[in-house]
Amino acid sequence: MKQIESEISEQMLDKIISVAYNDASIWDKIRVMMAAKRNKKIKAILDSFKSTASEVHKIQEEVYSNAQPHSLKNEAIEKIELKNNFVIDLLNIVVNKPIISTAAVILLVGMLVVSFLQTRTVEYQYSQTEIESAHQKAKQAFAIIGKVFNDTKITFEEEVLGEKVGAPINEGFDIINLLFKEGDKK
Amino acid sequence: MLDKPKYKFLIQQYKNKIYTYSIYMLRNKIDAEEVTQEVMIKIWKNIDQVNALAAKTWIMKTTNNLCIDYLRKRAINNKREVDLSEDFEGSFSNKSNSDDPSSIVHNKMVYEKIKEEIIRLPENLKSVFVMYEIQGLKYKEISISLKMPINSVKVYLLRARKNLQKELKKYEAD
């Protein structure tokens, strides 16, 4: 095997190892696979490294069961409660399942945005032309009202006071004067 | 106020990583347990400064430093070297799908041999190999934890893989 490896360039061997351990780039994978198809020696090396890599990847972390160290003198540590806790569970989810937590955050933000858009009150921004037009119309309305009041005043002074009120009073005074004059004669 | 849950979270998350790394580096269960406890104390003492979501590199750096200290002390005292197979006995998980007893035994032997050869790797190659292959750390995380450039991490990993392959070939030839 050593002899075979020496016949293959160091660069190629590095690529073969990366492919076997499954951390090579896609291009390196293609290159090595094609080379392995053409060259039986390369295929043999690749298979050999793949076999080792497969065994290496089976190795699991050792389990440390003594979570509460017996030899700790620090009282603060000894008092630590190892009960289930919401914060810890949440942190565990965030660290161990980043895709789920990202999806949850996106969903939550989406719901908040939709809720905000639905409840938002529309504040209409009037243009300068619209303001001027409204101002002009208000002025016209006030002018009409002013004219109506003016006409009413004139009508009241000229027609109501003069004819409807002044004339009967004058007539009344004339009758009283006449009665006084007749009284003097008698 | 959140110190306890934060501590509990960190311990739950990293105790096996600390222990695994220590056992591969120190080749000894008792020393590995002691290092794990010391790291746990350090985590508690620095709980205010540790960011729970980015603690991995700090914890692994601390573990590595403690392991180096232990190895130095051991080199001076030259004591407590335990047979590797004894330390890993019982931790073997049979992943073979075959029911054939000879196949199971062979797989177990290969598995044990690989573990043994990993432990026999030179310290600098082993630390990178264990962190990458067994603990699943990324190049950048290893680079920070071991204070070495990313390119060196890649080179050491490659060398470790080659060394391992070479030793396994020798074993198969025997």
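First the proteins, then the strands, lettered A, B, ... as listed; each starts at 1. Since we're looking at a predicted model, the values are computed, not measured.
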Colleague: Using non-hydrogen atoms only, which part of B/Ile18 is less than 4.5 Å away from chain A: side chain, backbone, both, or neither?
Modeller: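 Neither part.
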Colleague: Do the numbers put B/Arg161 on top of the ring of B/Phe129, so that NZ or CZ is under 6.0 Å from the six-membered ring centre and no more than 45° off the axis?
Modeller: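 B/Arg161 over B/Phe129 ring: no.
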Colleague: Sort B/Leu168 into side chain, backbone, both or neither according to what part of it lies under 4.5 angstrom from a heavy atom of chain A.
Modeller: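 For B/Leu168, the side chain is the part near chain A, not the backbone.
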Colleague: Can A/Asp151 and A/Lys147 be counted as an ion pair, charged N to O under 4.0 angstrom?
Modeller: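 Between A/Lys147 and A/Asp151 there is a salt bridge, with a charged N closer than 4.0 Å to a carboxylate O.
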Colleague: Contact part of B/Gln135 toward chain A, heavy-atom cut-off under 4.5 Å: side chain, backbone, both or neither?
Modeller: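 Looking at B/Gln135, backbone and side chain both touch chain A.
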Colleague: Examine whether an atom of B/Leu164 lies under 4.5 Å from a heavy atom of chain A, and if so say whether it belongs to the side chain, the backbone or both; otherwise answer neither.
Modeller: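 It is the side chain, since no backbone atom gets that close.
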Colleague: Evaluate whether atom NZ of A/Lys29 has more than 12 neighbouring non-hydrogen atoms of other residues, nucleotides or ligands under 6.0 angstrom away.
Modeller: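 Atom NZ in A/Lys29 is packed in, count exceeds 12.
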Colleague: Tell me, please, whether B/Phe9 has B/Lys6 positioned over its six-membered ring: NZ or CZ under 6.0 Å from the ring centre and within 45 degrees of its axis?
Modeller: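 Verdict for B/Phe9: no cation-pi partner in B/Lys6.
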Colleague: Which bit of B/Tyr14 is near chain A, if near means a heavy-atom gap under 4.5 Å: side chain, backbone, both or neither?
Modeller: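 For B/Tyr14, there is no contact with chain A at all, as no heavy atom is under 4.5 Å.
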Colleague: Relative to the ring of B/Tyr7, is the ring of B/Trp44 parallel (under 30°), tilted (30 to 60°) or perpendicular (over 60°)?
Modeller: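 The rings of B/Trp44 and B/Tyr7 stand perpendicular, inter-plane angle above 60°.
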